[in-house]
Each structure stands twice: as C-alpha cells, then as structure tokens.
Amino acid sequence: MDMHTVVVGTSGTTAEDVVAVARHGARVELSAAAVEALAAARLIVDALAAKPEPVYGVSTGFGALASRHISPELRAQLQRNIVRSHAAGMGPRVEREVVRALMFLRLKTVASGHTGVRPEVAQTMADLLNAGITPVVHEYGSLGCSGDLAPLSHCALTLMGEGDAEGPDGTVRPAGELLAAHGITPVELREKEGLALLNGTDGMLGMLVMALADLKNLYTSADITAALSLEALLGTDKVLAPELHAIRPHPGQGVSADNMLRVLAGSGLTGRHADVTGDAPRVQDAYSVRCAPQVNGAGRDTLDYAAVVAGRELASSVDNPVVLPDGRVESNGNFHGAPVAYVLDFLAIVAADLGSICERRTDRLLDKNRSHGLPPFLADDAGVDSGLMIAQYTQAALVSEMKRLAVPASADSIPSSAMQEDHVSMGWSAARKLRTAVDNLARIVAVELYAATRAVEIRATQGLTPAPASQAAVDALRAAGAEGPGPDRFLAPDLAAADTFVREGRLVAAVEPVTGPLA
C-alpha cells in the first residue's frame, strides 16, 4: 500500500490522485472544507425534505417514477431500495483498480457539497477505500447515462453492508462481515443519498484516466521501437529533422520525431540506403517507417485532447439533482456520459492505428525481400527454425481485434426507463473496450520491440554499430529475460518478458539515461 495520502476537497481531483488511489492504495482523507460543504448542503436537503411540496430525488420517486410523492416514513426505504434494485449488474467481475477509481471519483463528487450527502456517508466511503475493501462490480449494467448506475449501485450496496466485496487479502466475503472486521459501521441512507451515490460518470472517467496514463507510456515506447525498426532496416533519419516537422506544426508529430531522433543519435546503421547485400540504393523508406512521427504524433495529440476532457470531468460535480450555492436543488442532465464516451472511442481508434503501423514494421523486418539483408523471419537457421514468423501472426491477430474494438460504442443508444432515459452514451462500454485495446497495444509494441532488437543484434554481426540508446534497449530487454531466439528455446516466454518490459515502462527507463528524458 502506498502511504501517500490524497486529500479530497471541494474542487475536484487530479489524474495523478486517481491513479495513486486506484492502483497504488494511497490513503484518502476529507478536507475540513469538504466536511463543511457536505454539512451545509445537507441542511438544505433536510429543509426541503420537511416541506410538503415534492422535490425530485428528495421526496419523489426516480426516473419514470418521478411523479410519485413519497411520504416521510417511506423515504429511507426508498433510498435503500434504489440501491438494491439498481445493483443488477451481470457478467465477470470488474478489475480492482477500476472499482477503486469508481469509488474514489464518486467520493470526489460527494465531497463537492453539491449532492446533499451527509459527512458521515462520505467518511464511510473513504474508510472503505482505506481498508482496502473493494465491492464486487460486474462487467454489464451501465448505459453511460444517469451515470454508471449498476456499477455504482454495487459500490453503494457495500456501504450499506450488503452484497459481496473483496477484502485486502483478495478473498470475496459478504460485505457486512468485511465492514465489521474493519470496524466500519454500515450507513443508513436518508433522503437523496441513495440517488446521489449512483448518479455519475465515475467508472468511465476512472478508466479514461488510467488509459491515458498507460497510453502515454506506450506512445513513448512506440517512438523508441519505431526508431529501432528504422535503424534495423537501414533507414534514413533525415525524415526526422526538426525543420521538416516545423512546417507541419502538429505538436505530437514534432515530439515523436524528436524522440526518435534522440534514440538514433550516434547510429552507424541509419542512412545506409545501399544495404549490406549490395542491392540498389533506396530513395525513400516505406510509409510505416518514414511516417512514424506523423502517425504516432497524431495519436499523441488525441491523448492531449482526451486529457483536457478528463481534466474538466475531474473538476466536475456530476449528480442529479444537485444542490446549488444559492440553496436551490435542481434537476439537470450533467450525468450524461457523452463527453467522456466520445474521447474513449477516439482513443480506441488511435490505439488501433498505432498497433497497425507497429505490425507493418514488424512484418517488414521479417520479410527477406524487404528487410535489406536480414535473414528470413530473423531466424537463426531459416528452414530449420521459423524464427519470429508466428510472433508476427500473434501480433496480426491482436491488430485485427484492435480494429474491431475501434468501432465506436458512443454511436449507439438504447432507450431505457420507459423512454424517460431515451438517449444514452454507452460510455461504460467504450471504456471497457478501450481497456482491452490498451492491453493489446502493449503486446503489439512488445512484439515489434522484440523483433527490432533481434534485428539490431544481427546488424552488429554484419559489422554495423547501433546507436548507444538502441544498444541500451537491447541489453535491458535481454537482462529482463527476453534472451533472443535459439534452436532450443520456446519463444513465448521471451514475448511475455518483452510485454512486461514495455507495459511497466522499463523500455523508456532503459534508454533515457542515454537520450535524456523522452516526452
């Protein structure tokens, strides 16, 4: 557990804090200002609850049943029932880090003072996170409008001491037992609180934030692998010159070109378009090599836009109805997930394209007719062994799935709640498929890295000297367990080691002592 403490105030949170809590077990505390805002908003809700006039979410039903006025003696039951009835998710369990992000981001909105939830409910939410208690949340149940309803309901169920949850030891037990074991008293929900715990974009936002963190690492890793492939193919680094990218000033393109140029500094392989076999000189490299900065850079710019959207959402209070500073409690549509859903889908598109260009370079490295002097499939003894032939098959299969995952979820909408909720975002679905896409992209980059480092090693046997940064990548990857193909070794463990090496950021860490910090 990370002993770093994240203080939750009234003005939102940061992406770094989300990752710290979700992935690294950072502790959570409510600021004094948040406690004060919670108490002030609750006074407003209590005053409205005491009035004879119905107020949506306080003294009425919900959704298509909002026209029914609920008598005071039934309101606590109403809040319990909305949680129980909405906890209708199905399918496999959602990952622990996603559920922790979901819980933390709901706490962030509650702490804003715009939801009308009592301070003790917010404190119990923090207590669950700090105890390492993770509600069992299921894959299916959110349409991304009225928030991530079923996932958030399963979290609220745990707050009530009901349903199942995972303890810090990884064992799933009844939530009531886990709360008792950690000295946490289950909450008794009052007016509006059940609704306030369910009505947010927290799941899709949490997955967006974590995807952005992962993609930043993968895009830098892809710049490095693209440079290694260019080098192994005896390509030219002239296309990376800053003045070429200055006349098409997309920021990400310039960053990727600079990363690649720094990786290739000091290479004895680049610019040798008359390759070692004595074939005719090449005028240009293939698009997958020459246009790497343009493709990688466009993806980087998309990440930057998605980060802007995530930042706005992290600063938002998403609930319905909300308590406004002037004391009004107003219904609204801020729970609609469209802003988040669109960028989740956009990221799946650029991840698919990055995976596609990585695979094309891998295929080129393995094809003796296009690799300019490298052995077929980078094999030790072509014909006796198949080299990396099937590694490219695996990579191609992953790319094919990436293309399917790039089909937008947010273009769909299925009406619900008796046509009251007649247009939904499908943002949760967009987030779930993006998680798979990011996971696949790490594997795709790892296969290119493995092939490119193998090719660079072969070039060294041909009397050519790789760039110092390239050699650092080769050495670090081999030290990490990807030893290189041989007649008596299975390939799968090497690819698995390369995958871990990439997704943990160790490729970037290996070359940066030579190149300096990469963007």
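Here the structure is a predicted model, which is why all the values come from computation and not from measurement.
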Using a strict 4.0 Å threshold on nitrogen-to-oxygen distance, state whether R262 and D258 make a salt bridge. yes
Are any side-chain N or O atoms of S356 and backbone N or O atoms of A352, one a donor and one an acceptor, separated by less than 3.5 Å? no
Give a yes or no answer on whether the side chain of S413 reaches the backbone of V424 with a donor-acceptor pair at less than 3.5 Å. yes
Out of curiosity, [X] [atom1] to [Y] [atom2], how far, rounded to the nearest 0.5 Å?
X	Y	atom1	atom2	result
R42	E193	CZ	CD	4.5 Å
M125	L129	CE	CG	7.5 Å
L228	M260	CG	CE	9.0 Å
R106	L152	CZ	CG	6.0 Å
M402	D439	CE	CG	10.0 Å
L405	D345	CG	CG	10.5 Å

Between [X] and [Y], is any side-chain donor less than 3.5 angstrom from a side-chain acceptor?
X	Y	answer
D319	T115	no
N199	N320	no
Q392	E359	yes

Residue among [options] satisfying side chain to side chain contact (heavy atoms under 4.5 Å, CB included) with [X]:
X	options	value
V94	H154, H138, R432, R435	R432
S229	R361, R364, R360	R361
N130	T5, V21, V28	V28
I184	I133, L178, L159, T158	I133

Is the shortest heavy-atom distance from the side chain of [X] to the side chain of [Y] under 4.5 Å?
X	Y	value
S256	Q294	no
R443	L495	no
K108	V18	no
V343	M204	no
T13	F104	yes

Measure across [X] and [Y] and return the closest heavy-atom pair with its distance rounded to 0.1 Å.
X	Y	value
V137	C155	CG2-SG, 3.9 Å
A430	K433	O-CG, 3.4 Å
A165	P135	CB-CA, 3.9 Å
S416	L143	OG-CD1, 3.7 Å
V508	S221	CG2-OG, 3.7 Å

Looking at Y342, I'd like to know if its OH atom is crowded, meaning that more than 12 non-hydrogen atoms belonging to other residues, nucleotides or ligands lie closer than 6.0 Å. no
Neighbour count >12 (heavy atoms, 6.0 Å) for atom CD, E330: yes
Might you work through the side chain to side chain contact (heavy atoms under 4.5 Å, CB included) test for V309 and F346, ending with a clear yes or no? CA-CA 12 Å; V309 173; F346 202 170; over 6 Å; no
Working note: N296 + N259, criterion side chain to side chain contact (heavy atoms under 4.5 Å, CB included); need CA distance, chi angles, decisive distance, verdict. CA-CA 11 Å; N296 292 18; N259 282 348; over 6 Å; no
Just do the side chain to side chain contact (heavy atoms under 4.5 Å, CB included) check on T201 and N334 with the steps written out, would you? CA-CA 9 Å; T201 56; N334 283 344; over 6 Å; no
Could you go through the side chain to side chain contact (heavy atoms under 4.5 Å, CB included) check for M160 and T124 one step at a time? CA-CA 10 Å; M160 294 164 51; T124 305; over 6 Å; no
Under the salt bridge (charged side-chain N to carboxylate O under 4.0 Å, His left out) test against E166, which residue among R100, R93, R173 passes? R93
